[in-house]
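Basis for what follows: all heavy atoms, side chains included, without hydrogens, waters or symmetry-related copies. Labels below follow one simple rule: chain letters A, B, ... track the order of the sequence lines, proteins then strands, and each chain is numbered from 1.
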Amino acid sequence: MIRFYNTLSGRLEEFKPVKPGEVRLYTCGPTVYDYPHIGNYRAYIFEDLLKRFLLFSGFRVRHVMNITDLDDKTIRGARSQGIPLADYTRKYIEAFFEDIKTMRILPADVYPRATEHIPDMVRMVKGLLDKGYAYIKEGSVYFSIEKFPAYGRLSKINLDELKAGARIDSDEYEKESVHDFALWKKAKEGEPFWETELGPGRPGWHIECSAMSTRYLGPTIDIHCGGIDNIFPHHENEIAQSEAYYGQKFVNYWLHCHHLVVEGEKMSKSRGNFYRLRDLLNKDVDPLDLRFLLLSTHYRKMLNFTFDNLAQAKAARQRIIDFVYELEHRTWASGSEPQVSALADKTLTEFTKTLADDLNISAALAVVFDFIREINLGLTRDMIKKTEAEKILKTIYKLDEILAILPEKKDENLPAEILEKIELRQKARKEKNFKLADSIREELRQMGIILEDTKEGIRWKKIK
RNA sequence: GGCGCGGUACCCAAGCGGCUAAGGGAGAGGUCUGCAAAACCUCGAUUCGUCGGUUCGAGUCCGACCCGCGCCUCCA
């Protein structure tokens with residue numbers, strides 16, 4: 001049984017997709033006005049874990065992630081540079097696709113862009129007007145919240161109380177009630193607009209997601225993910241629009257990822273603790289170390305990013321890498337040891353079971369490390385035979401289908417000059433010239449190559 | 001003001017009423033090694049923010065309080 005914490009009900013629920021064996025997943029994508037920061041990637045990696053787990057469990061997953069290339073921020077950005085919106089957003093869109101690849105995030109099936117779905121949005125807004133959920137004021141269209149009694153159910157927000165906390169309404173448009181939100185914004189001087197049946201203008205931010213999600217996934221979606229900060233008002237508004245328009249349940253399971261903070265404080269440019277993914281990669285951070293760090297804290301818990309935590313994640317990940325390395329480079333005695341095989345099976349079962357419990361990644365990783373310790377113990381006692389060695393490796397790679405933290409098995413070769421140095425050191429060792437041998441070892445270590453002398457000969461590994 | 005999250009060893013972190021409180025990192029001692037590295041073994045919280053309560057039994061449920069953080073405005 002798979003259980004997830006559903007924000008809508010506020011408790012753990014058994015997961016049952018609308019259509020057995022198939023999951024329709026919608027995740028809020030990037031707003032392409034800048035390079036995404038590591039907090040964005042925390043959310044994307046949580047979603048990736050979820051998706052990989054579902055795939056691993058045998059579901060077919062239809063995944064849609066929108067790209068917000070039309071909103072206040074992108075418009076402001078394009079205008080400040082005096083270039084067309086599409087030219088402005090293009091480089092961020094390209095960067096996004098590059099980055100999710102380096103972070104090993106599985107691509108979605110569809111990446112709809114707001115600018116390419118204006119007609120879908122217009123159709124929905126028109127429908128909401130026809131059904132009486134929306135009204136026009138001075139050329140703009142607004143959703144009338146009082147027409148939708150279920151409003152506030154997701155965020156548990158009470159509108160009367162909201163009203164009490166006097167807040168400044170930053171929206172420059174006229175509406176009947178403070179909490180009504182714009183579905184369609186009348187064209188403004190210097191802003192891009194579309195000529196439509198609603199008149200010249202552009203869509204409001206919330207309707208973009210409602211239109212694009214239901215366009216590709218149908219009126220009822222199994223799982224909708226996003227950051228915790230999107231619960232109100234964005235997701236609340238999505239529910240209102242979609243359910244008012246389609247007359248049926250919009251989303252069955254709402255999964256929200258908690259924030260990432262840096263050094264215990266909210267990331268912000270003014271505080272100087274703001275990191276884009278690229279800032280870190282330029283500092284020689286291994287993207288997979290970062291992936292491991294972002295992955296290893298439960299998605300509903302606040303994650304504190306520090307460089308110390310990153311170093312800890314790196315060390316933990318290295319333990320797994322070293323384990324795989326050992327298995328791949330040893331020579332094995334033939335024969336078999338059925339107990340070891342059973343342990344591998346048990347590990348896989350336990351791993352899946354812990355993740356099925358609302359993606360309890362910490363418990364899942366504990367299962368992995370328990371397995372590694374057990375096998376390493378067997379290794380020191382020469383209890384692992386060829387048959388098992390293969391099975392163990394297969395198991396680890398199976399686990400990595402979900403974790404995706406093992407390095408690519410590409411450059412297994414070293415440049416000739418380095419190989420020569422290793423040879424030289426071997427010779428020095430043979431002649432008991434340890435001083436020379438140690439200096440070569442140190443020299444290579446500086447270059448990121450670690451040498452290890454084992455019973456079966458010398459081994460090297462790269463360390464970034 | 002309203003809504004919500006968290007406080008478990010030096011650090012990260014699981015645990016959702018009942019075996020000796022997972023796992024990782026760092027540390028100490030040991031085995032192996034020319035020395036290292038890796039690996040293995042051993043050690044490490046009589047205790048889970050504080051104080052009360054419920055219970056045969058509580059990090060685990062209830063109440064109060066203290067501390068840290070987030071949201072309520074664009075935001076993953």
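Residue L260(A) has its side chain nearest to A76(B) when only G25(B), A76(B), A39(B) are considered. The nucleotide whose nearest atom lies closest to any side-chain atom of M302(A) is, among A38(B), C74(B), G70(B), G70(B). Side-chain proximity of F232(A) to the nucleotides A22(B), C12(B), C72(B) is greatest for C72(B). Here the nucleotide nearest the side chain of K301(A), chosen from A76(B), G24(B), A13(B), is A13(B). The side chain of R373(A) lies closest to G24(B), out of G24(B), A76(B), C74(B). Among the nucleotides A13(B), A76(B), G25(B), the one closest to the side chain of T297(A) is A13(B). Of the candidates A39(B), G24(B), A22(B), the closest approach to any side-chain atom of Q312(A) belongs to G24(B). In this structure, of A76(B), C40(B), A14(B), it is A76(B) that holds the atom nearest to the side chain of T31(A). Of the listed nucleotides (C11(B), G34(B), A76(B)), C11(B) has the atom at the smallest distance from the side chain of N309(A). Nearest to the side chain of D322(A), among A76(B), C40(B), A38(B), sits A38(B).
Base pairing analysis places G17(B) opposite nothing; no Watson-Crick or G-U wobble pair with both distances below 3.5 Å involves it. Of all nucleotides present, only G27(B) satisfies the Watson-Crick or G-U wobble test against C43(B), with each distance under 3.5 Å. Base pairing analysis places A9(B) opposite nothing; no Watson-Crick or G-U wobble pair with both distances below 3.5 Å involves it. Nucleotide G70(B) forms a Watson-Crick or G-U wobble pair with C3(B), both donor-acceptor distances falling under 3.5 Å. Across every strand in view, A64(B) sits in a pair with U50(B) that passes the Watson-Crick or G-U test at under 3.5 angstrom. Pairing for G34(B) is absent, with no Watson-Crick or G-U wobble pair whose two atom distances lie under 3.5 Å.
Contacts of L451(A) with the nucleic acid, taken as non-hydrogen atoms under 4.0 Å apart, include base atoms. Within 4.0 Å of N304(A), counting heavy atoms only, lies no atom of the nucleic acid at all. Counting any heavy atom pair closer than 4.0 Å across all strands shown, N376(A) reaches sugar-phosphate atoms only and no base atom. Residue-level contact check: K73(A) touches the bases, meaning some heavy atom is under 4.0 Å from a base atom. Within 4.0 Å of R441(A), counting heavy atoms only, lies at least one base atom of the nucleic acid.
Straight-line distance from the CZ atom of F351(A) to the C1' atom of A22(B): 16 Å, rounded to whole Å. For E452(A) and C35(B), the CD to C1' distance is 14 Å, given to the nearest whole Å. When the P atom of A76(B) is taken as reference, atom NE2 of H224(A) falls 12 Å away, rounded to whole Å.
Between K266(A) and C71(B) there is a side-chain N or O to OP1 or OP2 distance below 4.0 Å. OP1 and OP2 of A76(B) both lie 4.0 Å or more from every side-chain N or O belonging to R300(A).
In this structure, R300(A) satisfies the cation-pi test against Y5(A), with its NZ or CZ atom closer than 6.0 Å to the six-membered ring centre and inside 45 degrees of the ring normal.
Of the two residues contacting RNA chain B, namely K156(A) and C257(A), the nearest-nucleotide position lying further toward the 5' end is that of K156(A). Nearest-nucleotide positions on RNA chain B place R429(A) closer to the 5' end than the other of H234(A) and R429(A).
Look at K391(A) and E388(A) and you find no salt bridge, because none of the NZ, NE, NH1 or NH2 atoms lies under 4.0 Å from a carboxylate O. Between R319(A) and D322(A) no salt bridge is recorded (no basic side-chain N to carboxylate O distance below 4.0 Å). Between E443(A) and K421(A), at least one side-chain nitrogen of the basic residue sits less than 4.0 Å from a carboxylate oxygen of the acidic one, meeting the salt-bridge criterion. Of the charged side-chain nitrogens involved, at least one lies within less than 4.0 Å of a carboxylate oxygen, so that D453(A) and R425(A) count as a salt-bridged pair.
The same atom, C1', is picked in G2(B) and in U20(B); the two are 46 Å apart, to the nearest Å. For A45(B) and G7(B), the C1' atoms lie 16 Å apart once the distance is rounded to whole Å. Nucleotides C43(B) and G23(B) are separated by 12 Å at their P atoms, to the nearest Å. Taking atom C1' in both A9(B) and U46(B), the straight-line distance is 13 Å, to the nearest Å. Here, G15(B) and U60(B) have their P atoms 15 Å apart, quoted to the whole Å. Atom C1' of G1(B) sits at a distance of 33 Å from the matching atom of U8(B), rounded to the whole Å. For C16(B) and C62(B), the P atoms lie 15 Å apart once the distance is rounded to whole Å.
A donor atom on one side chain and an acceptor atom on the other are not found under 3.5 Å apart for H298(A) and H258(A). Of the N and O atoms on the side chains of T89(A) and T74(A), not one donor lies less than 3.5 Å from an acceptor on the other residue. Using modelled atom types, one finds a donor on one side chain and an acceptor on the other under 3.5 Å when comparing T115(A) with D69(A).
Ring-to-base geometry places F434(A) in a stacked arrangement with G34(B) (centre distance under 5.5 Å, plane angle under 30°).
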